[in-house]
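Inspection log for the structure reproduced underneath, given as structure tokens.
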Amino acid sequence: NGSGKARANRMGAMCDTASWRLLFLSSGEAGLAEHMAQANRKPKAGQEVRLLDIAADAGKGLGVFDTLHDHANGAIFSKVLTEATSLYYGTTAPVFIEKMVEHLDKLALLMKKAQREFMTQHLPADAGGQAHRAALRFSLVGAAGEIATAWDITGWQLGEASRAAGTCFHVWMEQRGGGSNQET
């Protein structure tokens with residue numbers, strides 16, 4: 001549940017407990033509901049907020065893609081992506097981490113500002129807590145992309161990461177039937 005074991009120090013007092021958060025976004029062929037149905041179970045709304053299920057079809061008639069970047073079809077573009085990712089992997093993460101460490105004093109403020117902007121732009125005013133928690137996850141992805149873009153790591157236009165995260169969030173909300181809570 002995102003925390004380490006509670007331990008005592010030499011004096012018997014409690015040590016600080018390590019904690020972390022994991023972010024899961026899924027675009028797998030089978031979502032949480034389908035996996036649970038195989039075991040004759042139904043997911044609870046809280047589980048569906050922890051493992052956000054995103055439709056793999058971008059809705060543009062191109063399958064998972066929303067643009068083919070001047071390639072003739074999805075198969076060719078997919079092959080180009082596969083070849084590129086086998087050559088150029090693991091290059092941005094170390095640079096992003098270095099920049100995060102370099103800007104550690106400002107990072108939390110940058111993230112919170114980007115998240116606030118995302119929430120203002122994409123979260124309906126009458127949304128329930130479940131949609132709010134999901135929006136925080138999508139906003140975190142968008143904020144990280146925007147910060148990486150501002151640091152000249154991605155090569156994207158400013159706003160692109162937030163727009164993409166917003167699109168995915170709206171698709172997620174549509175799939176679940178809106179922003180109201182599914183369970184009390």
Side-chain angles (χ1 to χ4, degrees), residues 20-29 31-32 48-125 127 130-176 178-179:
W20 59 89
R21 290 189 197 165
L22 298 176
L23 177 64
F24 289 99
L25 301 173
S26 172
S27 62
E29 293 164 354
L32 178 64
E48 291 180 323
V49 170
R50 287 183 195 96
L51 182 64
L52 300 171
D53 205 9
I54 306 167
D57 187 340
K60 304 253 176 115
L62 304 171
V64 72
F65 305 118
D66 61 358
T67 181
L68 298 178
H69 299 279
D70 299 323
H71 295 282
N73 58 47
I76 293 170
F77 182 50
S78 179
K79 186 173 190 254
V80 168
L81 281 178
T82 300
E83 290 169 358
T85 57
S86 68
L87 291 174
Y88 305 107
Y89 61 90
T91 56
T92 57
V95 174
F96 187 59
I97 292 168
E98 285 174 18
K99 286 284 199 178
M100 287 189 339
V101 170
E102 183 181 322
H103 298 282
L104 199 55
D105 57 328
K106 298 178 227 153
L107 188 59
L109 289 173
L110 289 171
M111 292 298 287
K112 293 220 182 288
K113 180 179 183 271
Q115 284 186 293
R116 267 194 313 274
E117 289 171 4
F118 181 94
M119 300 293 272
T120 300
Q121 191 172 10
H122 298 287
L123 187 67
Q130 294 162 357
H132 190 271
R133 285 192 305 276
L136 280 173
R137 290 173 180 248
F138 284 101
S139 72
L140 182 63
V141 172
E146 291 303 327
I147 289 169
T149 299
W151 290 339
D152 293 324
I153 295 172
T154 64
W156 301 335
Q157 296 293 314
L158 283 174
E160 185 64 28
S162 286
R163 276 191 298 280
T167 298
C168 290
F169 174 65
H170 288 287
V171 168
W172 176 82
M173 279 212 328
E174 235 176 75
Q175 275 179 208
R176 75 187 298 266

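Keep in mind that the numbers below use all heavy atoms, side chains included, and drop hydrogens, waters and symmetry copies. Positions are given from 1 along the sequence.
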Side-chain atoms of residues 104-123: list all donor-acceptor pairs with protein atoms under 3.5 Å, sequence neighbours left out, distances to 0.1 Å.
{"residue": "Lys113", "atom": "NZ", "partner": "Glu117", "partner atom": "OE2", "Å": "3.0"}
{"residue": "Gln115", "atom": "NE2", "partner": "Leu136", "partner atom": "O", "Å": "3.3"}
{"residue": "Gln115", "atom": "NE2", "partner": "Ser139", "partner atom": "OG", "Å": "3.1"}
{"residue": "Thr120", "atom": "OG1", "partner": "Arg116", "partner atom": "O", "Å": "2.9"}
{"residue": "His122", "atom": "ND1", "partner": "His170", "partner atom": "NE2", "Å": "3.0"}

Anything under 3.5 Å between a donor and an acceptor, one on a side chain of residues 154-161, the other on a protein residue two or more places apart or in another chain? List them.
{"residue": "Thr154", "atom": "OG1", "partner": "Thr149", "partner atom": "OG1", "Å": "2.8"}
{"residue": "Thr154", "atom": "OG1", "partner": "Trp156", "partner atom": "N", "Å": "3.0"}
{"residue": "Glu160", "atom": "OE1", "partner": "Arg163", "partner atom": "NH2", "Å": "3.1"}

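Smallest separation of non-hydrogen atoms from Phe138 and Ala165: O-CB, 3.4 Å. Summarising the geometry of Phe77 relative to His71, their closest heavy-atom pair is CD1-CD2, 3.3 Å, with the distance given to 0.1 Å. When all heavy atoms of Ser162 and Glu146 are compared, the pair lying nearest together is N-OE2, 2.8 Å.
Partners of Ser78 under the side-chain contact (heavy atoms from CB on, under 4.5 Å) rule, at least two apart in sequence or in another chain, are Phe65, Thr82.
Within the 4.5 Å cutoff, no side-chain heavy atoms of Trp151 are placed close to those of Glu98.
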Problem set entry | Check against side chain to side chain contact (heavy atoms under 4.5 Å, CB included), Arg137 and Arg133 | CA-CA 7 Å; Arg137 290 173 180 248; Arg133 285 192 305 276; 5.7 Å; no
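Put simply, CE on Met100 and CD1 on Ile147 are 9.0 Å apart, with the number rounded to the nearest 0.5 Å. From Leu52, atom CG reaches atom CZ of Phe169 across 9.0 Å, with rounding to the nearest 0.5 Å.
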